[in-house]
2 protein chains.
Amino acid sequence: MKTKEHILSTALGLFNQKGTNAVTTNHIAEAAGISPGNLYYHFRNKDEIIRALYAQLSARNDVELQLPPNRLATIDDVQALVRTNFTILRDYAFIYREFAALMQADPELHKAYLTARARGYFGFRALIAVLAQAGITNLSDPAAVTRLADICWLITEFWLSSLEISGQPVDDAGLERGIDLMMHVLRPYFAV
Amino acid sequence: MKTKEHILSTALGLFNQKGTNAVTTNHIAEAAGISPGNLYYHFRNKDEIIRALYAQLSARNDVELQLPPNRLATIDDVQALVRTNFTILRDYAFIYREFAALMQADPELHKAYLTARARGYFGFRALIAVLAQAGITNLSDPAAVTRLADICWLITEFWLSSLEISGQPVDDAGLERGIDLMMHVLRPYFAV
DNA sequence: GTCTATATCGCGATAGAC
DNA sequence: GTCTATCGCGATATAGAC
């Protein structure tokens, strides 16, 4: 199991740095200090490595992206969640950078993403519903909830890429700007 | 000049449909009904074709994305502009789908994009400034202007990809949802 | 301007020894 | 589980005839 994980972390580093296109299985093997044959013993091909990395990301999301279970969420809870989310995303920057292209190229990966997304998206809508019922938010119009969810999703999945594209560093400051953006979108609905 | 344009429109169709990765110069030549050698007479390589397509897109933006020059912009003018913008974007879907990856792979393309973006981004800020001066918007805090510009940019550049990723059709209805989203973000600042 | 033919290269993937 | 060796393939790119 040790080698398998070593391959994954090596591949992750290369993908983040150069993009999945420019990185071949040979490059990964060389950087990992193993033979190409050995890499193929552990993974059928590059797509399978990418899928495994996505599974890692997804697992981290499931574990780390939790609101406090025993009380209603506050705006600060939400902010902490957003920060955690961006931090995880940055570790797997290549996935979000090449999102649509990866999904287009690998239907299996797309399916895994759609499942995860459905959980998150409808979880978000459920959260809003709970908040509305508790009187914490005045957001009840379904169309408005959809719009809010769409905007939040856009920020979550594309803010880091947007920084990259525009030539701005994907550092802590850039990350904070994303958090700030998200909070400004959300705050009006938390007017208690 | 005829063949060159024919190659470009053929390549555009293939790229939009299958992604730049899956499409080789041979595929383009075959689909265009010419020989690979002929393609290389007109373009040095695939990157050059992509750059030429980006130049087309950029030119269309410059021509079609204009607010009325002789009077102050209304919210309806802005909506028309947003609609035009999405329409152009959809024609060149592959570029936005693979945005960060393309920019990372080709510094020359990235440079061209950064120039175009700077024009648009600062043009947007200038527009806000004009509106503020005319009393059409109450938006004067620079940080707030930046946030608004950032959100609008995110919607512009990533809404179509977001539709694709989430498995929703990139049709007129999806496009209208993007316009709707953008207008809901902008409208508060147009409270006349 | 366009074609055919071809050289080169490197990636993906497998077989078989250890 | 890991290595070495290697095959087949297809993509990029060029040369030279027409």
Side-chain angles (χ1 to χ4, degrees), chain A residues 1-56 94-95 97-98 101-110, chain B residues 1-56 94-95 97-98 101-110:
Chain A
M1 280 301 117
K2 201 65 179 34
T3 302
K4 197 159 184 171
E5 281 154 27
H6 181 55
I7 292 172
L8 285 178
S9 69
T10 304
L12 177 58
L14 289 174
F15 288 160
N16 281 339
Q17 194 190 333
K18 311 188 189 194
T20 54
N21 257 325
V23 177
T24 70
T25 48
N26 283 2
H27 295 148
I28 299 170
E30 190 185 347
I34 63 170
S35 68
N38 194 5
L39 184 143
Y40 276 92
Y41 172 80
H42 290 282
F43 296 96
R44 213 194 325 253
N45 52 40
K46 198 165 77 174
D47 280 353
E48 198 171 292
I49 296 177
I50 293 172
R51 277 197 293 272
L53 287 172
Y54 179 73
Q56 280 187 0
F94 85 92
I95 291 182
R97 183 165 58 218
E98 307 178 27
L102 290 177
M103 301 300 158
Q104 191 184 31
D106 182 355
E108 195 173 330
L109 180 66
H110 198 180
Chain B
M1 280 301 115
K2 199 67 175 39
T3 302
K4 196 159 184 170
E5 279 154 28
H6 180 55
I7 293 172
L8 284 179
S9 68
T10 304
L12 178 58
L14 289 174
F15 287 160
N16 281 340
Q17 194 190 333
K18 312 188 188 193
T20 54
N21 254 323
V23 177
T24 70
T25 50
N26 283 1
H27 295 147
I28 298 170
E30 190 185 347
I34 62 168
S35 68
N38 194 5
L39 184 143
Y40 276 92
Y41 172 80
H42 290 282
F43 296 96
R44 213 195 323 253
N45 52 40
K46 199 165 77 173
D47 280 354
E48 197 170 294
I49 296 177
I50 293 172
R51 277 196 293 272
L53 287 172
Y54 179 74
Q56 278 187 1
F94 86 92
I95 290 181
R97 183 165 59 218
E98 309 179 25
L102 289 177
M103 301 302 158
Q104 190 184 33
D106 183 354
E108 195 173 330
L109 180 64
H110 198 177

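All chains are named by letter (A, B, ...) in the order of the sequence lines, taking the proteins before the strands, and each is independently numbered beginning at 1.
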* Structure fact -> note: Asn38(B), atom CG; dC3(C), atom P; distance rounded to Å ~ 5 Å

* What is the distance, rounded to the nearest whole Å, between atom NE2 of His6(B) and atom P of dT2(C)? -> 10 Å

* Whole Å only: how far is the CD1 atom of Ile49(A) from the P atom of dG12(C)? -> 10 Å

* Asked: Taking atom types as modelled, is there a side-chain donor on His27(A) or Thr24(A) under 3.5 Å from an acceptor on the other?
  -> yes

* Asked: In whole angstroms, how far is the P atom of dG1(D) from the CD atom of Glu5(A)?
  -> 12 Å

* Whole angstrom value for the distance that separates P of dC11(C) from CG of Asp47(A) -> 16 Å

* Asked: What's the NE2-C1' distance between His42(A) and dT14(C), to the nearest Å?
  -> 16 Å

* **Atom-to-atom span, CG of Asn21(A) to P of dC11(C) - whole angstrom** => 12 Å

* **Base-contact (B) and sugar-phosphate-only (S) positions in nucleotides 11-18 of chain D, heavy-atom cut-off under 4.0 Å, - elsewhere** => SBBB----

* **Verdict with supporting geometry, Phe43(A) and Lys4(A), side-chain contact (heavy atoms from CB on, under 4.5 Å)** => CA-CA 8 Å; Phe43(A) 296 96; Lys4(A) 197 159 184 171; 3.5 Å; yes

* Asked: Can you check the Ile28(A) CD1 to dG12(C) C1' distance for me, whole Å?
  -> 12 Å

* Could you tell me whether a side-chain N or O of Lys46(A) sits under 3.5 Å from a main-chain N or O of Thr20(A), the two making a donor and an acceptor? => yes

* Should we count CD of Gln56(A) as having more than 12 external heavy atoms under 6.0 Å? -> yes

* Closest non-hydrogen atom pair between Ala101(A) and Glu98(B), with its separation -> CB-CG, 4.0 Å

* Asked: Counting N and O atoms only, with roles assigned by atom type, does the side chain of His42(A) sit under 3.5 Å from a partner on the main chain of Ile7(A), one being a donor and the other an acceptor?
  -> no

